[in-house]
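First the structure, in the form of structure tokens, and then the observations on it.
Protein chains get the first letters and strands the later ones, always in sequence-line order, with residue 1 at the start of each. Keep in mind that what you see is a predicted model, and the values were worked out from it rather than measured.
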Amino acid sequence: MDAVAPARRHNADVDEELHERVRDVIASIPAGRVASYGDIAAIAGASTPRLVGRVLGEDGHDLPWHRVLRADGTPAPHLVHKQLELLRGEGVLADGSRVDMRVYRWRP
DNA sequence: AGACTGACATAAA
DNA sequence: GTTTATGCCAGTC
């Protein structure tokens with residue numbers, strides 16, 4: 001097909017859209033469930049899970065950031081304490097510093 | 001311009 | 001089973 005394929009746009013709109021997309025996905029995570037950065041990145045269309053972490057650090061104050069963990073079920077080193085406590089309040093039990101992703105992992 | 005850092009993931013030891 | 005090293009993408013120095 002002769003239709004052009006706008007693989008890359010230099011518009012900042014795409015960047016902002018991705019930013020909101022990530023937030024929307026995180027906000028879509030129901031209580032008592034958790035998701036990994038890589039999952040959110042894949043659903044939101046982010047190229048790398050690092051973008052998800054950046055979004056949370058910049059504008060995750062209004063989002064259930066405590067429902068976002070790493071692929072191993074271990075949250076960030078500086079938030080592990082708060083993270084597990086918030087999750088525990090939602091019914092997510094953690095073994096030490098690790099959560100059972102295969103049980104609590106949210107899947108759309 | 002290049003190099004370092006970071007709320008990560010995956011592979012190898 | 002855990003720990004270590006490398007790669008990724010974007011932002012910052």
Exercise. Report yes if at least one side-chain N or O of A/Arg98 is closer than 4.0 Å to OP1 or OP2 of C/dT2; otherwise report no.
Key: yes
Self-check item: Whole-Å gap separating P (B/dA7) and CD1 (A/Ile26)
Solution: 14 Å
Practice problem: Determine the contact category for A/Arg70: base if any of its heavy atoms lies under 4.0 Å from a base atom, sugar-phosphate if only primed atoms, P, OP1 or OP2 are that close, otherwise nothing. | Solution: sugar-phosphate
Quiz item: Roughly, in whole Å, what's the span from CG in A/Asp39 to C1' in B/dA9?
Solution: 11 Å
Exercise. Using whole Å, report how far NE2 of A/His61 lies from C1' of B/dA7.
Key: 15 Å
Quiz item: Separation of A/Tyr37 atom OH from C/dG7 atom C1', in whole Å?
Solution: 19 Å
Quiz item: With a 4.0 Å cut-off on heavy atoms, is A/Gly57 in touch with a base, just the backbone sugar-phosphate, or nothing at all?
Solution: base
Quiz prompt | Under 3.5 Å donor-acceptor, A/Arg33 side chain and A/Tyr104 backbone | solution = no
Self-check item: Atom pair distance, as rounded to whole Å: CG in A/Asp72 and P in B/dT10
Solution: 9 Å
Quiz item: Separation of A/Leu79 atom CG from B/dG6 atom C1', in whole Å?
Solution: 13 Å
Quiz item: Same cluster for A/Leu56 and A/Val34 if Ile/Leu/Val/Met/Phe/Trp/Tyr side chains link at under 4.5 Å?
Solution: no
Quiz item: What's the CD-P distance between A/Glu58 and B/dA7, to the nearest Å?
Solution: 11 Å
Practice problem: Mind running salt bridge (charged side-chain N to carboxylate O under 4.0 Å, His left out) on A/Arg102 and A/Asp100 for me, showing each step along the way? | Solution: CA-CA 6 Å; A/Arg102 49 202 176 159; A/Asp100 294 317; 3.2 Å; yes
Practice problem: Figure out the CG/P separation between A/Leu56 and C/dC9, and round it to whole Å. | Solution: 19 Å
Exercise. Identify, between A/Arg54 and A/Pro49, the residue whose nearest nucleotide on DNA chain C lies closer to the 5' end.
Key: A/Pro49
Quiz item: Can you tell me how far CG of A/Leu93 sits from CZ of A/Arg88, rounded to the nearest 0.5 angstrom?
Solution: 8.5 Å
Exercise. Select one nucleotide: of C/dA10, B/dA7, B/dA9, the one nearest the side-chain heavy atoms of A/Ser36.
Key: B/dA9
